[in-house]
Asker: 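First the structure, which I've put down as C-alpha cells, then a few questions once you've had a look.
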Amino acid sequence: MSAFGYQLAASLAIAHALLFLGHIVPFLRDPYQLRKYPGPFLAKFSYGWNLWAGLTGRRTQIIHEAHQKYGSVVRISPSEISFSNPAAYEEIHSFSAKLAKSNFYDSFASQAIALRSLFATRSKTDHGQKRKMLHSLFTAEVSRDFAAPTISIASLLLEEWDSRYVCESQDRPVSFDCVPWITFLSFDLVGVFAFGSSFQMLQSQSDLVDAPVDWKAAIEQLGNVGPSLQKYPLHRISLGNTIAERETQNYFVGLTPPHWRGLMRRILRGPVHASLEYSGFVAEKVLQRIRTAASDQDRDLIGRFMAKAEAQASLLSCILLSSKEPVQANALTAELLTILVAGSDTSRNTLLAAIYYIAHDPSVQQKLQTELDLHLQTSNPAVESLPYLGACLDETLRLFSATHMGLPRTVPEGGLVVRGLPLVSGTTVGVPIYTIHRDKDIWGVDAEEFQPARWLKAGDDQRAPLAIAFKPFSDGPASCIGKSLALLQLRLLLALIFQRYEIRLEEADKPLAVEDWFVRRITSLRISVRRRGVA
Ligand code: HEM
C-alpha cells in the first residue's frame with residue numbers, strides 16, 4: 001500500500017473511531033438517564049434517527065407507529081422523550097409547568113434580524129413579556145373586526161369559481177385543483193390582518209410578490225426609518241414557494257443537533273437564501289407601511305385608512321398607534337415574519353382538510369348544508385352559534401392538526417416528574433398532537449374516522465376528557481395566539497363555501513396528499529363544484 005493509502009486508511013479508522021466514541025460514550029454515560037426507556041435502536045445512540053424521520057416527510061406517522069410498538073413513553077433521540085398519554089400534555093404545557101421551548105425553536109429565529117419573534121423566543125421571561133404586549137391584538141373582539149374583510153375576500157374566490165368551474169351542464173362537472181385558490185385566499189386574508197391590505201392574489205391569480213433584490217439593504221433600512229426611505233430594485237418571487245422552502249429549512253435545521261446546524265444550513269443553501277429573501281420582502285412591506293404613516297400626506301391617508309373598521313384593527317396599525325415608544329421596525333418585522341406564515345399556512349391547510357373531509361362524506365355535507373340553509377343569513381352570518389359547523393371544524397382539527405408534532409420543551413433546572421417518571425434537567429419532552437388526537441381510549445374505536453357527530457353526542461361529563469386530548473392550538477402560555485382569528489375565519493369560509501356549492505372529490509378513494517413538516521402541507525386537492533339550487 002502506498003503512503004497515501006496508509007494515510008487514507010488511518011484517517012478513515014480515526015473518523016470511525018471518533019464517530020463510534022461520539023455515540024457510544026454518551027450512551028454509556030447516559031447524562032439524561034433515558035437508557036431505560038424503549039425506542040428505535042438508532043435513537044438511543046444518535047440524533048440521526050429523529051432527523052431521518054423528519055427528512056422522510058412522515059415523522060409524525062413514524063413516531064405514532066413507534067408509540068404503537070413501544071408504548072406510551074418512547075425515546076426518540078439521545079436526549080428526547082415522547083409521551084403519548086394525553087395527561088402528559090397538561091404536565092408539560094400548562095401555565096404552572098416551568099418548561100421553556102427547546103433549542104428546536106432557535107432554527108425559527110431569523111438569520112437576517114437579530115431580534116426574535118414571540119414564536120422563536122425561548123426564555124420564559126422574555127416570552128411572557130412579548131406575549132403580554134401582543135395579547136390585545138389577538139383578542140376575540142379584535143378578530144371579529146376581520147369578519148367583514150374575510151367575507152368580502154371570500155366572495156372574490158366564489159365569483160372566480162362560479163365563472164370558471166360552474167358549468168351550464170352539471171352532468172360534466174369541471175374538476176380543478178383548489179390548493180392554489182385556497183393559497184391565494186389565505187395570503188390575501190393574512191395581508192389584510194397584518195398590513196391592512198390584501199396581497200390581491202385572488203385578483204391576479206398568482207402568488208408572485210415584489211421583493212427587494214438586495215434583501216440586506218431592506219433589513220439595514222429597518223434600523224433607520226425616516227421620512228425619506230430608500231427605494232430598492234425589486235424582483236418577483238413566489239411567496240408560497242419562498243415560505244415553503246423557509247419552513248422546511250427551519251424544520252430540518254431544528255431537528256439537527258445544534259453543533260451540526262451550520263453544516264445543515266450549508267447543505268440547504270437554496271432554502272436558506274429563500275428565507276433571507278422572505279425577510280427582505282417582509283422588511284420592505286413593514287417599511288412601506290411605516291412610510292405611509294410618516295409623511296404629512298400619508299398621515300392624511302392613514303387618517304382615512306384608520307376610519308375603516310377593518311383597517312383600524314390591522315395588526316400593524318394597532319402596534320403603530322398603541323405604541324408610545326418609537327416604532328421598532330425590526331421588532332415588527334421579526335414578528336411579522338412569523339405571523340405571515342402562522343396566519344396563512346395553518347389556516348390554509350385546515351380549510352383544505354375540512355373541504356376534503358366534508359366533501360368525502362355526502363351525508364356530512366348534506367347535514368351541514370341543512371344547518372347553513374336554516375340559520376345562515378348572508379347579511380349577518382352568525383357562524384359562531386352553528387353546532388354542526390363547529391363540530392365539522394373540531395373534527396377536522398382533530399384528524400388534521402396543522403401543527404401536529406410533539407412541541408418540544410426542555411425540562412428546567414431541578415428536573416421534573418411527568419406521568420410519575422422523573423426526568424433530569426435538559427431533557428427534551430413532547431406529546432405528539434397527532435397521536436393524542438387518535439387515542440382510541442379517548443375517541444373510541446372509530447378514532448381514525450371523520451365523525452362530526454361525536455362532538456354533539458358528547459354529554460357534559462364526556463367533554464372534559466375530550467378537552468384533555470384535543471390540542472390543535474396547543475395549550476398554556478405558548479398556545480396559539482391567533483386561535484380566535486383562525487376559528488372565526490375558518491367557520492366563515494366553510495359556511496360560505498358549503499352554502500353555495502355541493503363539492504365532490506375527484507379522487508374520493510385516495511387519501512389526502514400531505515407532506516409532513518412543522519406545519520402539515522396539503523399538496524393537491526382536486527374537486528368539482530356545483531352551485532346549489534341551480535338545476
Ligand atoms: C387553524 C389554524 C391554526 C392552528 C391549528 C394553529 C396552531 C398553533 C399551535 C399548535 C401553536 C403552538 C406552537 C408551538 O408551541 O410550537 C401555535 C402558535 C402560534 N400561532 Fe397558531 N395556529 C393557527 C392559526 C394561527 C393564526 C391565524 C395566527 C396569527 C394570525 C397564529 C399565530 C401563532 C403564533 C404567533 C404562535 C406562537 C405563540 C407563542 O409562542 O406564544 N396561528 N399555533
Side-chain angles (χ1 to χ4, degrees), residues 60 89 92-93 95 97 99-109 116-124 126-135 137-140 142-143 146 150 182 186-187 189-195 247 250-251 254 313-316 318 334-354 393-394 396-410 428-434 436-437 470-494 517-520 522:
T60 327
Y89 209 95
I92 292 170
H93 291 277
F95 280 91
L99 293 85
K101 294 185 179 189
S102 78
N103 66 33
F104 173 78
Y105 292 84
D106 288 337
S107 68
F108 288 81
R116 289 194 178 210
S117 67
L118 174 72
F119 177 71
T121 298
R122 291 179 57 203
S123 142
K124 292 280 280 180
D126 293 354
H127 182 272
Q129 280 169 359
K130 280 190 187 158
R131 181 91 186 195
K132 210 166 148 194
M133 192 184 81
L134 289 170
H135 169 78
L137 308 178
F138 289 90
T139 60
V142 169
S143 304
F146 291 95
T150 302
I182 303 296
S186 310
F187 277 133
L189 289 174
V190 83
V192 172
F193 176 69
F195 298 109
E247 289 309 288
N250 288 346
Y251 176 70
S314 92
L315 177 65
L316 211 51
C318 285
E335 224 51 78
L336 285 160
L337 283 172
T338 301
I339 283 169
L340 282 198
V341 180
S344 59
D345 235 11
T346 47
S347 300
R348 170 181 90 113
N349 285 292
T350 307
L351 181 60
L352 286 165
L393 185 52
D394 281 350
T396 301
L397 287 163
R398 183 182 73 80
L399 279 182
F400 188 97
S401 283
T403 312
H404 56 298
M405 63 184 258
L407 305 170
R409 299 292 186 262
T410 305
T428 306
V429 286
V431 181
I433 297 174
Y434 181 93
I436 58 173
H437 282 187
F470 184 56
K471 304 291 175 198
F473 295 98
S474 191
D475 222 345
S479 65
C480 180
I481 200 168
K483 178 177 171 182
S484 298
L485 179 71
L487 287 178
L488 176 95
Q489 292 193 319
L490 286 165
R491 283 200 187 107
L492 271 174
L493 295 169
L494 283 174
W517 313 119
F518 182 68
V519 173
R520 292 176 96 190
I522 294 175

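Being a predicted model, the structure only gives us computed values, none of them experimental. In listed order, ligands and their atoms are each counted from 1.
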Asker: So which protein heavy atom does atom 12 (C) of ligand 1 come closest to, and at what separation?
Answerer: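 Checked against all protein heavy atoms, atom 12 (C) of ligand 1 sits closest to A478 O, 3.7 Å.
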Asker: Looking at ligand 1, does L490 have a heavy atom less than 4.0 Å from it?
Answerer: yes
Asker: Does F470 have R398 sitting over its ring (NZ/CZ under 6.0 Å from centre, angle to axis within 45°)?
Answerer: no
Asker: For atom 28 (C) of ligand 1, what is the nearest protein heavy atom, given as residue, atom name and distance?
Answerer: G482 CA, 3.7 Å
Asker: At a non-hydrogen distance cut-off of under 4.0 Å, which region of C480 contacts ligand 1 (side chain, backbone, both, or neither)?
Answerer: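 The answer is both, backbone and side chain.
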Asker: Please list the nearest protein heavy atom to atom 35 (C) of ligand 1 with its residue and the distance rounded to 0.1 Å.
Answerer: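 Nearest neighbour among protein heavy atoms for atom 35 (C) of ligand 1, to 0.1 Å: I481 CG2, 3.5 Å.
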Asker: Of the protein's non-hydrogen atoms, which lies at the shortest distance from atom 27 (C) of ligand 1, and what is that distance?
Answerer: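 Sorting protein heavy atoms by distance from atom 27 (C) of ligand 1 puts G343 CA, 3.6 Å first.
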Asker: Suppose we measure from atom 7 (C) of ligand 1 to each protein heavy atom; which comes out shortest, and what is that distance?
Answerer: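 It is P472 O, 3.5 Å.
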Asker: With heavy-atom distances below 4.0 Å as the criterion, list the atoms of ligand 1 near L118.
Answerer: 38 (C), 39 (C), 40 (O), 41 (O)
Asker: Check T346 against T403 and note the closest heavy-atom contact, atom names and distance.
Answerer: CG2-OG1, 4.1 Å
Asker: If you measure every N or O of Y105 against every N or O of ligand 1, does any of those distances drop under 3.5 Å?
Answerer: yes
Asker: For P477 and K124, which heavy atoms make the closest approach, and how far apart are they?
Answerer: CG-NZ, 3.9 Å
Asker: Which of the numbered atoms in ligand 1 are under 4.0 angstrom from any heavy atom belonging to R131?
Answerer: 38 (C), 39 (C), 41 (O)
Asker: Judged by modelled atom types alone, do Y251 and S107 share a side-chain donor-acceptor pair under 3.5 Å?
Answerer: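 No, no side-chain donor-acceptor contact under 3.5 Å.
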Asker: For K471, is there any backbone N or O sitting under 3.5 Å from a side-chain donor or acceptor partner on H437?
Answerer: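 The answer is yes, because a donor-acceptor pair under 3.5 Å joins these two groups.
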Asker: Looking only at protein heavy atoms, which one is nearest to atom 25 (C) of ligand 1, and how far off is it?
Answerer: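 Heavy-atom neighbour on the protein nearest atom 25 (C) of ligand 1: A342 O, 3.4 Å.
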Asker: What class does the angle between the rings of H93 and Y89 fall in, given that below 30° is parallel, 30 to 60° is tilted and above 60° is perpendicular?
Answerer: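 Parallel, since the angle between the ring planes stays under 30°.
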Asker: Determine the minimum heavy-atom distance between A334 and S117, stating which atoms define it.
Answerer: O-CB, 3.4 Å
Asker: Is there a donor-acceptor contact under 3.5 Å from the side chain of N349 to the main chain of I522?
Answerer: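 Yes: the side chain of N349 pairs with the backbone of I522.
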Asker: Determine whether the aromatic ring centres of F193 and F138 lie less than 6.0 Å apart.
Answerer: yes
Asker: As an exercise, identify every atom of ligand 1 less than 4.0 angstrom from a heavy atom of S474.
Answerer: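 What qualifies from ligand 1 is 10 (C), 12 (C).
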Asker: Specify side chain, backbone, both or neither for K483, according to which of its non-hydrogen atoms lie closer than 4.0 Å to ligand 1.
Answerer: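 It is neither; nothing of K483 touches ligand 1.
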Asker: Taking atom OG of S347 and atom CG of L485, what is their separation to the nearest 0.5 Å?
Answerer: 7.0 Å
Asker: Would you mind running through ligand 1 and noting each atom that sits below 4.0 Å from a heavy atom of F193?
Answerer: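 Taking each heavy atom of F193 in turn, ligand 1 has 30 (C) under 4.0 Å.
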Asker: State, to 0.1 Å, how close T410 and K101 come at their nearest heavy-atom pair, and which atoms those are.
Answerer: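 Between these two residues, the closest heavy atoms are OG1-O, 4.0 Å.
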Asker: Compute the minimum heavy-atom distance from R409 to ligand 1 and say whether it is under 4.0 Å.
Answerer: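 So R409 counts as touching ligand 1.
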Asker: Would you say K101 touches ligand 1, if touching means a heavy atom closer than 4.0 Å?
Answerer: yes
Asker: Tell me, please: is S401 in heavy-atom contact with ligand 1, that is, under 4.0 Å?
Answerer: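 The answer is no, since S401 has no heavy atom less than 4.0 Å from ligand 1.
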Asker: Give yes or no for whether the N/O distance cutoff of 3.5 Å, strictly under, is met between H127 and ligand 1.
Answerer: yes
Asker: Please confirm whether S479 comes under 4.0 Å of ligand 1, counting heavy atoms of the residue only.
Answerer: yes
Asker: Closest non-hydrogen protein atom to atom 23 (C) of ligand 1, residue and atom name please, with distance?
Answerer: T346 OG1, 3.3 Å
Asker: How far is atom 1 (C) of ligand 1 from its nearest protein heavy atom, and which residue and atom is that?
Answerer: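 Heavy-atom neighbour on the protein nearest atom 1 (C) of ligand 1: T350 OG1, 3.3 Å.
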Asker: For the residue pair S344 and S186, confirm or rule out a side-chain donor-acceptor distance under 3.5 Å.
Answerer: no
Asker: Would you call D106-R116 a salt bridge at under 4.0 Å N-O?
Answerer: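 Result for this pair is yes, salt bridge flagged.
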Asker: Mark up the atoms of ligand 1 that fall under 4.0 Å of a heavy atom belonging to F518, in ascending order.
Answerer: 16 (O)
